There are 2 protein chains.
Amino acid sequence: MRADALRNRERLVEVAQSAFANNGIETSLEEIARQAGVGIGTLYRRFPRREDLIAAVLAERYLKLTECALTLAQHREDADTALTQWLTLLVEHMAIYRGLSLAVKEAIHDQSTALGRTCKEMMDAATALLERGQSQGTFRTDVNFYDVMSLCSGIVTAVERRAEKRADSDVPPVDPYLLLDVVLKGLRSGVVGGGAGG
Amino acid sequence: MRADALRNRERLVEVAQSAFANNGIETSLEEIARQAGVGIGTLYRRFPRREDLIAAVLAERYLKLTECALTLAQHREDADTALTQWLTLLVEHMAIYRGLSLAVKEAIHDQSTALGRTCKEMMDAATALLERGQSQGTFRTDVNFYDVMSLCSGIVTAVERRAEKRADSDVPPVDPYLLLDVVLKGLRSGVVGGGAGG
DNA sequence: CGCTAAACGGAGTTAGCCTCCGCTTTTTGC
DNA sequence: GCAAAAAGCGGAGGCTAACTCCGTTTAGCG
């Protein structure tokens, strides 16, 4: 890769990072290119899809989450605590850019996108946490990790929306940790078999 | 309202209904106007925002959900069963148009939109179901109805995404009833105080 | 220095949202 | 019935943002 290309790439990721943080993940790509001082063509050559840019921005963060999951899996202690800790991190991570939780949910099953592939590794590592708990009888066995991710993504989306409307009316604040607690409580095995028939 | 205006209005709602069902809620408004045989200006005069059209399409359905909530609230029997039944209906309802769950989540706090106002009545009726259960000790008292709606919306979003990608890879199907069961289980009081610290 | 592949960048195309306003149809008053 | 007025129609046009294409520029190498 040529030196100027590398420089531009880095600059784009840098600008995108702060643009996503300020304006959400839907920030105009032309705006990002302008701020980075490159042409729109340059941005598209390097990041053909918006997700590719998102994936680049998130790369380190995902790596950290993956490592964290691996570490938690190795310390073969309390499976409940392990999953709780990791999901807490995940929820905090997904709340960083407005719109991110949805983008992740979109990409989660799609190995053809950079975001999807990056996600995959992390998912694999974290899946182990759930499955360990399941084999120990800590968590109910009829849910898979996609289900858990989906619920967490729902939590983050709720927080995002609520934050946007905060100026409005009498909207109460939402506590992601509370919602996560509800989900985790629902995941624990206890007396299995709730009531929602299907 | 003039007769021709009423006719056009009905035609638009009719076309929008099937367009939303086939292409999701983000279908181009110009496409809807074209199919209805009216100009784009006519559509916008009657439905200034996309949400107004959505609200019109959903009006009857919301009314049914509201009535259902009221009925369930009056039969002062099992609060758990009541909420379970209603949320099951809700989830089924929100899965009808791709993107609807998000639109509802967007509008839920915004009384300035038609969708928000229609939602409000339904929410008020359903909130009673949760609160009855809470005062009876059936459900944990630290969550409000917005929280429950948010989690349900997350479930539906997951189902929508999964359905879109079904052609892909080895994606397992998702069961909304299962996820709803997880949420409901998490809502039941039992020994309150899970583990997700904040 | 000079050559070449790589990279650049922005003009141009497409698509959808939304507004504005001259024209048409319905309704109303007589 | 008929004409005036009110209501409604519809699409041209402005706008923004995604995305493509290709002539121009430049880094890197010998």
Side-chain angles (χ1 to χ4, degrees), chain A residues 1-16 18-57 97-100 102-103 106-107 110 112-115 164, chain B residues 1-16 18-57 97-100 102-103 106-107 110 112-115 164:
Chain A
M1 191 183 229
R2 247 167 64 170
D4 54 344
L6 191 63
R7 222 180 308 129
N8 280 334
R9 199 202 121 97
E10 277 168 4
R11 184 123 186 72
L12 276 169
V13 172
E14 213 170 283
V15 168
S18 73
F20 289 163
N22 295 331
N23 303 102
I25 221 162
E26 294 299 333
T27 309
S28 148
L29 294 180
E30 307 200 321
E31 176 63 25
I32 289 172
R34 202 176 314 127
Q35 281 185 33
V38 306
I40 186 66
T42 300
L43 187 155
Y44 270 93
R45 190 171 335 97
R46 208 57 64 191
F47 306 101
R49 299 153 169 244
R50 179 181 291 272
E51 297 157 349
D52 298 325
L53 186 52
I54 297 171
V57 168
Y97 308 122
R98 183 157 28 91
L100 177 58
L102 273 180
E106 284 278 357
D110 198 342
S112 71
T113 69
L115 189 53
E164 279 174 39
Chain B
M1 192 184 226
R2 249 167 61 170
D4 55 342
L6 191 64
R7 222 179 308 132
N8 279 334
R9 200 202 121 96
E10 277 168 5
R11 184 123 186 73
L12 277 168
V13 172
E14 212 171 283
V15 168
S18 75
F20 289 162
N22 295 331
N23 303 103
I25 220 161
E26 295 298 334
T27 309
S28 151
L29 294 180
E30 306 201 324
E31 176 62 25
I32 290 173
R34 203 175 314 126
Q35 281 186 33
V38 306
I40 186 68
T42 300
L43 189 156
Y44 270 93
R45 192 172 333 98
R46 208 57 64 191
F47 306 102
R49 300 154 169 243
R50 179 182 291 272
E51 297 156 349
D52 298 325
L53 186 53
I54 298 171
V57 168
Y97 308 122
R98 182 156 31 90
L100 177 59
L102 273 180
E106 285 277 359
D110 199 342
S112 71
T113 69
L115 188 54
E164 280 174 38

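Side chains included, hydrogens not; waters and symmetry mates left out as well; all remaining heavy atoms used. Here is how names work: the chains are called A, B, and so on, in the same order as the sequence lines, proteins then strands, and each is numbered from 1. Please read these numbers as outputs of a predicted model, since none were measured by experiment.
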Visitor: Heavy-atom nearest nucleotide on DNA chain C for B/Arg50 versus B/Met1: which residue maps closer to 5'?
Guide: B/Arg50
Visitor: To the nearest Å, how far apart are A/Ile25 CD1 and D/dA18 P?
Guide: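 Roughly 13 Å, once rounded to whole Å.
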Visitor: Expressed in angstrom and rounded to an integer, what is the separation of B/Arg7 atom CZ from D/dA7 atom C1'?
Guide: 14 Å
Visitor: What nucleotide, of D/dC19, C/dT27, C/dC8, holds the atom closest to the side chain of A/Tyr44?
Guide: D/dC19
Visitor: A/Arg2 has a side chain; which of C/dA7, C/dG9, C/dT26 sits nearest to it?
Guide: C/dA7
Visitor: Can you tell me if the side-chain N/O atoms of B/Arg46 get under 4.0 Å from OP1 or OP2 in D/dC9?
Guide: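 Yes, within the criterion.
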Visitor: Under the side-chain contact (heavy atoms from CB on, under 4.5 Å) criterion, do A/Tyr97 and A/Val57 qualify, and how do the steps go?
Guide: CA-CA 11 Å; A/Tyr97 308 122; A/Val57 168; 3.5 Å; yes
Visitor: Separation of B/Arg9 atom CZ from D/dC9 atom C1', in whole Å?
Guide: 17 Å
Visitor: Is the phosphate of D/dA18 approached by A/Ser28 (side-chain N or O, under 4.0 Å from OP1 or OP2)?
Guide: yes
Visitor: I want to check something: taking the side chain as every heavy atom from C-beta on, are B/Arg46 and B/Asn8 in contact at a cut-off of under 4.5 Å?
Guide: no
Visitor: Choose from C/dC8, D/dC9, D/dA18 the nucleotide whose nearest atom is closest to any side-chain atom of A/Glu30.
Guide: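 Closest of the options to the side chain of A/Glu30: D/dA18.
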Visitor: Rounded to the nearest angstrom, tell me the gap between atom CG in B/Asp52 and atom P in C/dC17.
Guide: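 To the nearest whole Å, that distance equals 14 Å.
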Visitor: Rounded to the nearest Å, what distance is computed from the CG atom of residue A/Leu43 to the P atom of nucleotide C/dG10?
Guide: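 These atoms are roughly 13 Å apart.
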Visitor: Is the phosphate of D/dC9, meaning OP1 or OP2, less than 4.0 Å from a side-chain N or O of B/Asn8?
Guide: yes
Visitor: Is the shortest side-chain heavy-atom distance between B/Glu26 and B/Arg50 below 4.5 Å?
Guide: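 Yes. Closest side-chain heavy atoms under 4.5 Å.
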Visitor: Decide yes or no for A/Phe47 and A/Ile54: does some side-chain heavy atom of the first lie under 4.5 Å from some side-chain heavy atom of the second?
Guide: no
Visitor: Between P on D/dT16 and CD on A/Glu31, what's the gap in Å once rounded to a whole number?
Guide: 12 Å
Visitor: Among the candidates C/dG9, C/dA7, D/dG8, find the nucleotide nearest to the side-chain atoms of B/Ala5.
Guide: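 Comparing C/dG9, C/dA7, D/dG8 against the side chain of B/Ala5, the answer is D/dG8.
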Visitor: Starting at atom CD1 of A/Ile40, determine the distance to atom P of D/dT20, rounded to an integer number of angstrom.
Guide: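 To the nearest whole Å, that distance equals 11 Å.
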Visitor: Check whether the side chain of B/Arg45 and the base of D/dG10 form a donor-acceptor pair under 3.5 Å.
Guide: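 Indeed, a donor on one side and an acceptor on the other fall under 3.5 Å apart.
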Visitor: Quick one: does A/Arg9's side chain get under 4.5 Å of A/Leu12's, heavy atoms only?
Guide: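 No. Closest side-chain heavy atoms not under 4.5 Å.
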Visitor: Just the rounded figure in Å: distance from P of C/dG9 to CD1 of A/Ile32.
Guide: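 Interatomic distance, CD1 of A/Ile32 to P of C/dG9: 16 Å.
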Visitor: Ignoring backbone atoms, test whether A/Arg34 places a side-chain nitrogen or oxygen under 4.0 Å from the OP1 or OP2 oxygen of C/dG9.
Guide: no
Visitor: Of the candidate nucleotides D/dG11, D/dG8, C/dT27, which contains the atom at the shortest distance from the side chain of B/Ala3?
Guide: C/dT27
Visitor: Looking only at the side chain of A/Thr42 (C-beta and beyond, no hydrogens), which of the listed nucleotides C/dC17, C/dG9, C/dA7 gets closest?
Guide: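 Selected nucleotide: C/dG9.
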